[in-house]
Amino acid sequence: MAEFNNIRSVTEVPEGDDVKRSFHHRMFLEPQEKKRSMKALVVKQAKKTCSCTPARIKGYVFSFFPVLQWLPKYKLREYLLGDIMSGVIVGVLLVPQSIAYSLLAGQEPIYGLYTSFFASIIYFIFGTSRHISVGIFGVICLMVGQVVDREIQRAGYDLEPAALSVLTDTAKSVNTTILAVNQTSQKLLCDKSCYAITVAATMTFIAGVYQVAMGFFQVGFVSVYLSDSLLSGFVTGASFTILTSQAKYLLGLDIPRSSGIGSLIATWINIFRNIHKTNICDLITSFLCFLVLIPTKELNEHFKSRLKAPIPVELVVIVAATLASYLGKLRETYGSSIAGHIPTGFLPPHPPDWSLIPNVALDAIPIAIIGFAITVSLSEMFAKKHGYTVRANQEMYAIGFCNIIPSFFHCFTTSAALAKTLVKESTGCRTQMSGMVTSLVILLVLLVIAPLFYSLQKCVLAVITIVNLRGALRKFKDLPKMWHLSRVDTVIWLVTMAASALISTEIGLLVGVCFSMLCVIFRTQRPEAPLLGWVAESETYESLSAYKNLQTKPGIMVFRFEAPLYYINKECFKSTLYKQTGVNPVWVKAAKKKAAKRMLREKEVDSGANQTSISMDFVSEPLGFHTIVIDCCAVQFLDTAGIRTLKEVCKDYGEIDVQVLLAQCNPSVRSSLIRGEFFKEGEDHLLFHSVHQAVDFALGAQGHSGTSASK
């Protein structure tokens, strides 16, 4: 059934001695027929999904393994040099960062190298972005480390080293001894570092399963709730927690890592309580590393357009610090904490500990969401910049498999990282072949060079981690500009940052999402709702409060509500409409009834005619307008409360002889009005496709009524 009939409304407007007859032509719109047969839709989708032709199988395989699409088309002469250069440079930068971020994740340095190695290879196979660098990311490492520390404490591995060694010796002699602490039994054949990577690998496996499941069920829409301001605030807040967790290494303090709610404050309290135990050697080393790293990093950024490749200052610092520590015997002389033995080669694959899944399944959810949100956003950003497309769904598969497969090879969670991606792009990367080159660089370290870092001080790794937080901490400089652009986004940033830093990273993310959604609700709860004026010599109506020199039509008020009309803002709609028009129909009706009752009482007591005439004048006092046109162009949808509110408004104004017309309703709103029986039979002509149409109709109708009254 058509929503509008092809009808012409006829009005008569007096013009001199003649009567001018004007026609308001209606548009005829016939809605598309919607097939709602669920059975037909299911059968059609099943046929489409289950069809098995060679071409379809080939399409699925090529879609699932993008490397099969671009690798045969690889332009060797054009791409190879840039890919090799960027791969080597990123690999050189990634080696010290992998070792440093292992500390942040509560792991031995070798596991960070494993993680970076496998992530680069797997993304090469499954990824659709040509530029992003997938590997270790500081915020993800922090979240992994917090869970690892918690599980280590539950398992009883946080005992004093001496006591733990006694228990370990006992376990070796008996070979079946089991330590039960906090209702968790763990065989001591797996020491603390072994158990730490077991926890991390199990959580990585679960996070990868979540990401693949999100890709399979196409629920990537979850990432839309993580706005840019929210993600930026979260990363900055987490950066404070990262800095705090590394501060003890700068001072050479041996204090337990705080976790849970308020860990940042608890850690600083612990640090100041033990400040007198500061290792002077570690403190001086940290200071010297800062003096070298920060200026060189700034020079890299300042002259990045002139430099063909950034100066690998982190690698230089690590090599120099390792040599100084080894030659100066800093551990033996001053008790400095060092990286220790880093084995060469690969450990045999080992499945995740399935018994740990109930403990870490919930923790893996925010890690999975943050990981794929950052990866997808970076992929789309660089694809747009370089003029190609990425498939967000395939990116979720890619990052999921970058976590599932490496979890069997003693790795922890990965995602894309902005800093390394920028370096990769700026040094000539053309395809993910550069990722394979990066893997070869890390492989060289794993097979040959890794044991040489035995004497490297942990404080040097902490300095590298903290220096790499500069980008996130610099966001404070952007706050004035952000405040100028959007105060709501700035508040979201501040709330998320504060919650992530002061409460915990997971709760901070949840607080940020909830606060962002509340901001959206508040925006629709108290939207802009101006009166509109006519732009001369046009059919356009704009806000009277925003623009000058607009005209108003006599007896007509045009009102625009700039939000959906639903249960949350229905009272705001009514109160704003009454305020803007200056007439509350309920009060007017009540005043008329009160005046009428008073007149009756005056007549009964045979009161003076003068007072009665005053009361009659009050009752018949004109309102100053006869029509309200509601511009619904910004009303995206109506719910039942919104429909009921419009009915009440039309009814209340109608009782005081003011008609209400609706204009510029979208198809969804029109459909809701018809289903909600908003119009009485024959009244659907009160719905107009433009404000100008509605105003012309109101002027014509008023002219016609004026002519009839004069006759």
Side-chain angles (χ1 to χ4, degrees), residues 85-104 109 112 116 131-133 135-142 232 235-247 249-250 282-324 339 374 378 382 416-429 434 438 441-442 445 453 456-478:
M85 178 179 284
S86 66
V88 170
I89 291 169
V90 171
V92 168
L93 295 176
L94 197 55
V95 168
Q97 289 186 15
S98 298
I99 296 173
Y101 283 170
S102 298
L103 206 65
L104 186 60
S116 297
H131 293 89
I132 67 168
S133 175
I136 291 180
F137 181 53
V139 175
I140 299 291
C141 290
L142 171 69
S232 176
V235 171
T236 304
S239 298
F240 280 108
T241 307
I242 293 171
L243 189 152
T244 300
S245 69
Q246 300 300 295
Y249 297 110
L250 302 181
D282 284 346
L283 181 61
I284 294 173
T285 304
S286 301
F287 180 72
L288 293 175
C289 289
F290 275 123
L291 284 181
V292 174
L293 281 170
I294 293 178
T296 312
K297 287 271 190 179
E298 293 296 326
L299 288 173
N300 273 340
E301 290 187 11
H302 192 264
F303 295 104
K304 63 182 177 182
S305 58
R306 301 182 186 180
L307 294 171
K308 291 184 177 180
I311 302 170
V313 61
E314 292 169 331
L315 188 62
V316 173
V317 166
I318 278 190
V319 171
T322 303
L323 288 173
I374 291 173
L378 284 180
F382 282 92
L418 177 60
K420 291 184 280 291
T421 301
L422 288 172
V423 171
K424 193 173 182 178
E425 180 211 23
S426 64
T427 51
C429 170
S434 64
T438 299
V441 173
I442 298 173
V445 174
F453 295 120
L456 177 63
Q457 291 170 270
K458 287 185 177 180
C459 65
V460 177
L461 300 176
V463 170
I464 292 173
T465 301
I466 292 172
V467 169
N468 282 307
L469 299 177
R470 291 173 307 125
L473 298 177
R474 278 178 179 163
K475 293 293 182 181
F476 284 98
K477 292 170 60 178
D478 299 333

F290, CZ: over 12 other non-hydrogen atoms inside 6.0 angstrom: yes
L469 versus S239, closest heavy-atom pair with distance: CD1-O, 3.4 Å
Residue pair I136, Q97: steps toward the side chain to side chain contact (heavy atoms under 4.5 Å, CB included) verdict: CA-CA 8 Å; I136 291 180; Q97 289 186 15; over 6 Å; no
Close side-chain approach of V467 and E314, heavy atoms under 4.5 Å: no
By salt bridge (Lys or Arg N to Asp or Glu O under 4.0 Å) - contacts of K475 (at least two apart): none
L243 side chain reached by L473 side chain, heavy atoms, under 4.5 Å: yes
Euclidean distance, I294 CD1 relative to L299 CG, rounded to 0.5 Å: 12.0 Å
Check against side chain to side chain contact (heavy atoms under 4.5 Å, CB included), T285 and C289: CA-CA 6 Å; T285 304; C289 289; 4.2 Å; yes
Closest contact, heavy atoms only, P109 versus S102: O-OG, 3.5 Å
Chi angles and distances behind the side chain to side chain contact (heavy atoms under 4.5 Å, CB included) call for I99, I464: CA-CA 10 Å; I99 296 173; I464 292 173; over 6 Å; no
Residues in side-chain contact (heavy atoms from CB on, under 4.5 Å) contact with T465, at least two apart in sequence or another chain: A100, Y101, L104, I242, Q246
L422 CG to L378 CG distance, which is reported to the nearest 0.5 Å: 8.0 Å
Aromatic plane relationship, F382 with H131 - under 30° parallel, 30 to 60° tilted, over 60° perpendicular: parallel
With S434, the side-chain contact (heavy atoms from CB on, under 4.5 Å) member among E425, M85, K424: K424
G87 backbone acceptor or donor facing T438 side chain under 3.5 Å: yes
Distance-minimising heavy-atom pair for I374 and A416: CG2-O, 3.6 Å
Non-hydrogen side-chain atoms of I466 and L250 separated by less than 4.5 Å: yes
Where L93 and P312 come nearest, the two heavy atoms and their spacing: CD2-CA, 4.2 Å
L461 and Y249: CA distance, side-chain angles, deciding distance, side chain to side chain contact (heavy atoms under 4.5 Å, CB included) verdict: CA-CA 9 Å; L461 300 176; Y249 297 110; over 6 Å; no
